[in-house]
Amino acid sequence: MPGNQPAIRTNVDIRHLNSLGLPCRAAGWCRVHHWSALQQALADPRFAQQPHLILGGGSNVVLVDDFPGLVIQPDWHGIDIVAETSRTVSIQVGAAEPWDRLVRWSVDRQLHGLENLAAIPGWCGAAPMQNIGAYGVEFSDSCVAVDYLDLSTGQSHQLSAEQCQFGYRHSIFKTTAAHNWLVTGVSLQLARQAPFKLTYPGVREALDAQGISEPTPAAVAAAITRIRQRKLPDPASLGNAGSFFKNPIVSRATADALLEQHPQLPHWPAGEQVKLSAAWLIEQCGWKGRRTGPVGVHRQHALVLVHYGHGNGRQLLHLAGNIQQDVNNRFGIALQPEPKIIQSS
Ligand SMILES: Cc1cc2nc3c(=O)[nH]c(=O)nc-3n(C[C@H](O)[C@H](O)[C@H](O)COP(=O)(O)OP(=O)(O)OC[C@H]3O[C@@H](n4cnc5c(N)ncnc54)[C@H](O)[C@@H]3O)c2cc1C
């Protein structure tokens with residue numbers, strides 16, 4: 001059907017489609033919201049032999065080179081209530097809905113569950129990828145299921161939250177099994193009443209400062225948004241992808257050995273293991289606030305690498321590599337990048 005044909009643009013500058021603002025030209029770009037359009041786009045002889053890249057809000061990717069294939073942005077929209085009980089509200093959300101719009105939609109309806117995840121950039125379809133998390137809450141806490149299209153077969157599937165294998169900044173969608181999957185939507189269950197998670201440093205204080213002793217979901221979301229705005233650079237004015245490295249998770253023995261030498265190293269339990277503060281490790285190596293040409297480490301947050309403009313992905317990766325090397329040499333810890341690195345070689 002001609003009406004289903006995706007409008008593919010060629011040789012597209014996608015600098016404005018990634019929050020780091022890294023320069024990149026894509027051989028092709030399109031937005032799609034049904035399988036037949038996707039199928040036609042994937043079969044287009046200009047791109048059939050090339051890789052494709054699924055892109056949401058571009059807030060967790062490092063575009064290193066020009067992209068030789070087709071960049072596909074999903075266009076599934078909508079936030080729909082699919083079931084309600086006296087205690088819960090179940091919703092289905094399209095992949096292209098901005099995550100923070102969903103959070104605001106939920107807190108406006110006095111629903112609990114997403115308030116701590118306010119102001120995280122990106123789209124809902126990417127939320128399951130790394131199981132987004134902040135202020136003691138993760139996407140997996142509310143997720144019921146994820147719908148995806150297998151691009152190699154055109155079949156739609158649904159995975160339950162358990163099948164998604166959620167972990168710390170991890171899910172099945174980050175594994176090779178999922179390399180050809182496009183998330184079309186997510187199903188969440190929110191609560192009409194639930195205890196708030198306010199133990200993360202600064203949250204209770206932010207509410208107190210507003211004179212709020214009995215918070216609502218909207219008040220918690222607003223407090224967390226304010227804290228984040230103070231701490232994190234806005235990609236609209238300074239390119240960044242949020243935390244560039246994951247907090248490393250190490251064995252109890254490794255943590256004990258490190259803590260003996262560095263008792264001030266912030267750490268948290270992670271099941272049988274221990275999660276260490278990557279920001280602290282980086283700061284100890286003297287990287288916080290350091291700039292090398294067009295890229296650097298944010299002066300307020302050692303985990304956030306920034307692009308000041310007129311740089312490129314290679315320069316950012318070079319900086320990240322130097323940080324990784326220093327942390328490894330000094331502490332014996334291998335830091336892992338959090339964003340997806342997109343490079344041709
Ligand atoms: C200022 C700032 C603060 C941040 N704070 C946090 C935070 O607190 N917690 C946190 O967890 N993250 C945080 N992030 C990272 C980022 O916002 C999240 O990872 C977000 O979920 C990425 O969404 P996106 O739509 O931008 O994904 P993209 O960057 O577009 O894509 C990320 C990855 O997911 C894949 N992908 C995207 N959409 C789909 C889809 N529909 N189907 C299949 N694959 C897809 C892409 O191919 C890519 O591999 C922050 C980023 C910034 C810039």
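Only heavy atoms go into these numbers, but all of them, side chains included; no hydrogens, no water, no symmetry mates. We count ligands from 1, going down the list as the structure has it; atoms in each ligand are counted the same way.
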Shortest protein heavy-atom distance from [atom], along with the residue and atom involved:
atom: atom 20 (C) of ligand 1; value: P121 O, 3.5 Å
atom: atom 13 (C) of ligand 1; value: I120 CG2, 3.8 Å
atom: atom 30 (O) of ligand 1; value: G56 N, 2.7 Å
atom: atom 31 (O) of ligand 1; value: V61 CG1, 3.9 Å
atom: atom 28 (P) of ligand 1; value: G58 N, 3.6 Å
atom: atom 47 (O) of ligand 1; value: I54 O, 2.6 Å
atom: atom 43 (C) of ligand 1; value: M129 CE, 3.3 Å
atom: atom 19 (O) of ligand 1; value: Q130 NE2, 2.8 Å

Whether the side chain of [X] engages the backbone of [Y] through a donor-acceptor N/O pair (distance < 3.5 Å, no angle test) should be reported.
X: Q300; Y: R230; result: yes
X: R46; Y: G28; result: no
X: D326; Y: C285; result: no
X: H298; Y: V304; result: no
X: Q40; Y: A37; result: no
X: T225; Y: A118; result: no

Under 3.5 Å between any N/O of [X] and any N/O of ligand 1: does that happen in this structure?
X: S59; result: yes
X: L232; result: no
X: N60; result: yes
X: V183; result: yes

Show which atoms of ligand 1 fall inside a sub-4.0 Å distance from at least one heavy-atom site of [X].
X: A134; result: 8 (O)
X: L182; result: 42 (N), 43 (C)
X: P74; result: 41 (N)
X: G242; result: 2 (C), 3 (C), 4 (C), 50 (C), 51 (C), 52 (C), 53 (C)
X: G122; result: 23 (O), 24 (P), 25 (O), 26 (O)
X: W181; result: 43 (C)
X: S19; result: 53 (C)
X: G133; result: 7 (C), 8 (O), 9 (N), 10 (C), 11 (O)

Ligand 1-proximal atoms of N240, by part, heavy-atom distance under 4.0 Å =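 The answer is both, backbone and side chain.
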Please name the residue in the list L316, L319, V297 that meets the side-chain contact (heavy atoms from CB on, under 4.5 Å) test with T292.
->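 Looking at L316, L319, V297, the match for T292 under the side-chain contact (heavy atoms from CB on, under 4.5 Å) is L319.
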Where is the tightest heavy-atom contact between F67 and H52, given as atom of each residue plus distance?
->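 Residues F67 and H52, closest heavy atoms: CZ-C, 3.6 Å.
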Over all heavy atoms of both residues, which pair between F47 and G69 is shortest? Give the atoms and the distance, please.
->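 Taking F47 first and G69 second, the nearest heavy atoms are CD2-C, 4.2 Å.
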Mind checking whether V61 and F244 sit in one hydrophobic cluster, side chains of I, L, V, M, F, W, Y counted as touching below 4.5 Å?
->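 In one cluster with V61: F244, no.
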In the single-linkage hydrophobic clustering (I, L, V, M, F, W, Y; side-chain heavy atoms under 4.5 Å), do I81 and I79 co-cluster?
->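 In one cluster: yes.
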Nearest-0.5 Å distance that lies between atom CG in L114 and atom CZ in F139 =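 Taking CG in L114 and CZ in F139, the distance rounds to 9.0 Å.
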Looking at ligand 1, does R228 have a heavy atom less than 4.0 Å from it?
->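 Checking ligand 1 against R228, which is what was asked, there is a heavy-atom contact under 4.0 Å.
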Is the closest heavy-atom distance from K174 to ligand 1 below 4.0 Å?
->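 The answer is no, since K174 has no heavy atom less than 4.0 Å from ligand 1.
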Nearest-option assignment for atom 37 (C) of ligand 1, heavy atoms, candidates P128, G239, A126, A119 =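 The option holding the nearest heavy atom is A126.
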Closest to atom 18 (C) of ligand 1 (judged by heavy-atom distance), picking from I132, L238, I224 |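 It is I132 that holds the nearest heavy atom.
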Identified side chain to side chain donor-acceptor pair (under 3.5 Å) counterpart of Q130 within the set K340, E338, H170, K246 =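 Passing option: E338.
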Tabulate below the donor-acceptor pairs under 3.5 Å that side-chain atoms of residues 183-190 make, not counting sequence neighbours, or state none.
residue, atom, partner, partner atom, Å
T184, OG1, D147, O, 3.4
S187, OG, Q92, OE1, 2.8

Parallel, tilted or perpendicular: ring planes of W181 versus Y148, cut at 30 and 60 degrees |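 Parallel: the ring planes of W181 and Y148 meet at under 30°.
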